[in-house]
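Taking it in order: structure first as structure tokens, then the write-up.
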There are 2 protein chains.
Amino acid sequence: MGRSAVNGQLDLLLLASLGAGEAHGYALIARIHERSGARLELQEGSVYPALHKLEATGCVASRWADDDAGRRRVYTLTRAGETELARRAEEWNGFAAAVRGVLGAAS
Amino acid sequence: MGRSAVNGQLDLLLLASLGAGEAHGYALIARIHERSGARLELQEGSVYPALHKLEATGCVASRWADDDAGRRRVYTLTRAGETELARRAEEWNGFAAAVRGVLGAAS
DNA sequence: GTCCCATACCTAGACAATCTAGGTATGGAT
DNA sequence: ATCCATACCTAGATTGTCTAGGTATGGGAC
């Protein structure tokens, strides 16, 4: 895949970022860029469809914020989204541990 | 994706497993299953094509072992494969750190 | 002795996640 | 008046992995 390569963790990253407070799509990209130590540079073409899917599955809710800075769609983590975040975080930890197990044996 | 979900780390897992000593495909599946703490159950349909690709790119070499247990294709990590393993391991560590960064900020 | 299962290998096609590459619109700076 | 940053969006391509088939061998059960 591309340069950033989120390897199936896009939803987790978005949910976790929204867990730190509501935000609009463009801000989420910046937030993830920062908190990943500039290692992850998500593309809009990845993020917006993912947010739409998360909304369709009830993990996030959105509203239009029509302030002076132009139109923005602000996303919030729902209760279901928090549950999903916890589930995916645990799944990630399990996977990371599994990879460490395989790598560790080699070194 | 499926149940195991290696999330783009299949090559890394195979190279790392071969780093622990030459093996044939079926044994690699068992090796990864073990060392991942039974968390990863790779499928043959994933592993064999991946090994062929790794051989095509010069990361592994193979030979037919025709012992009493029937035909087996035994894979060995090449010098280039060791380099690639190191590169991918580092890449993985960077990615895992990036995800931790995003997750950590949420908790 | 033949049936079945575990081992061992293989491939085509399906599927899903993400990226590429376009596009629109607004507001502020030059 | 033009350009750039912000902000959102989508279709289609790409890619990695899985599903679901297939072949072949050897050993144990019956």
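Order of the sequence lines sets the chain letters (A, B, ...), proteins ahead of strands, with each chain counted from 1.
Residues meeting the salt bridge (charged side-chain N to carboxylate O under 4.0 Å, His left out) test with B/Arg87, sequence neighbours left out: B/Glu84, B/Glu91. Considering only residues two or more places apart in sequence or on other chains, B/Glu22 meets the side chain to side chain donor-acceptor pair (under 3.5 Å) condition with B/Arg63. With sequence neighbours excluded, the residues satisfying side chain to side chain donor-acceptor pair (under 3.5 Å) with A/Ser62 are A/Glu55, A/Arg73.
Residue pairs meeting the salt bridge (Lys or Arg N to Asp or Glu O under 4.0 Å) criterion with at least one partner in residues 8-18 of chain A, sequence neighbours excluded, are A/Asp11-A/Lys53, A/Asp11-A/Arg88. For residues 75-94 of chain A, the pairs satisfying ring-ring contact (aromatic ring centres under 6.0 Å, His included) are A/Trp92-B/Trp92, A/Trp92-B/Phe95, with sequence neighbours left out.
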Check the interface with nucleotides 10-13 of chain C: list each N/O to N/O pair with the protein under 3.5 Å, or write none.
{"unit_1": "C/dC10", "atom_1": "OP1", "unit_2": "B/Arg73", "atom_2": "NE", "d": "3.1"}
{"unit_1": "C/dC10", "atom_1": "OP2", "unit_2": "B/His52", "atom_2": "NE2", "d": "3.1"}
{"unit_1": "C/dT11", "atom_1": "OP2", "unit_2": "B/His52", "atom_2": "ND1", "d": "3.4"}

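Here C/dC9 presents its C1' atom at 15 Å from CD of B/Gln43, a figure rounded to the nearest Å. One can place NZ of B/Lys53 at 10 Å from P of D/dT15, the figure rounded to the nearest angstrom. Rounded to a whole Å, the CG atom of A/Leu28 is 15 Å from the P atom of D/dT6. Distance, A/Leu40 CG to C/dT18 P: 12 Å, rounded to whole Å. Straight-line distance from the CG atom of B/Leu10 to the P atom of D/dT19: 13 Å, rounded to whole Å. Atom NE2 in B/His24 sits roughly 10 Å away from atom P in C/dT7 (whole-Å rounding). For A/Leu54 and C/dA16, the CG to P distance is 17 Å, given to the nearest whole Å. As a whole-Å value, the separation of B/Leu42 CG from D/dT17 P is 10 Å.
A donor-acceptor pair under 3.5 Å is absent between the side-chain atoms of A/Glu41 and the main chain of A/Arg39, judged by distance alone.
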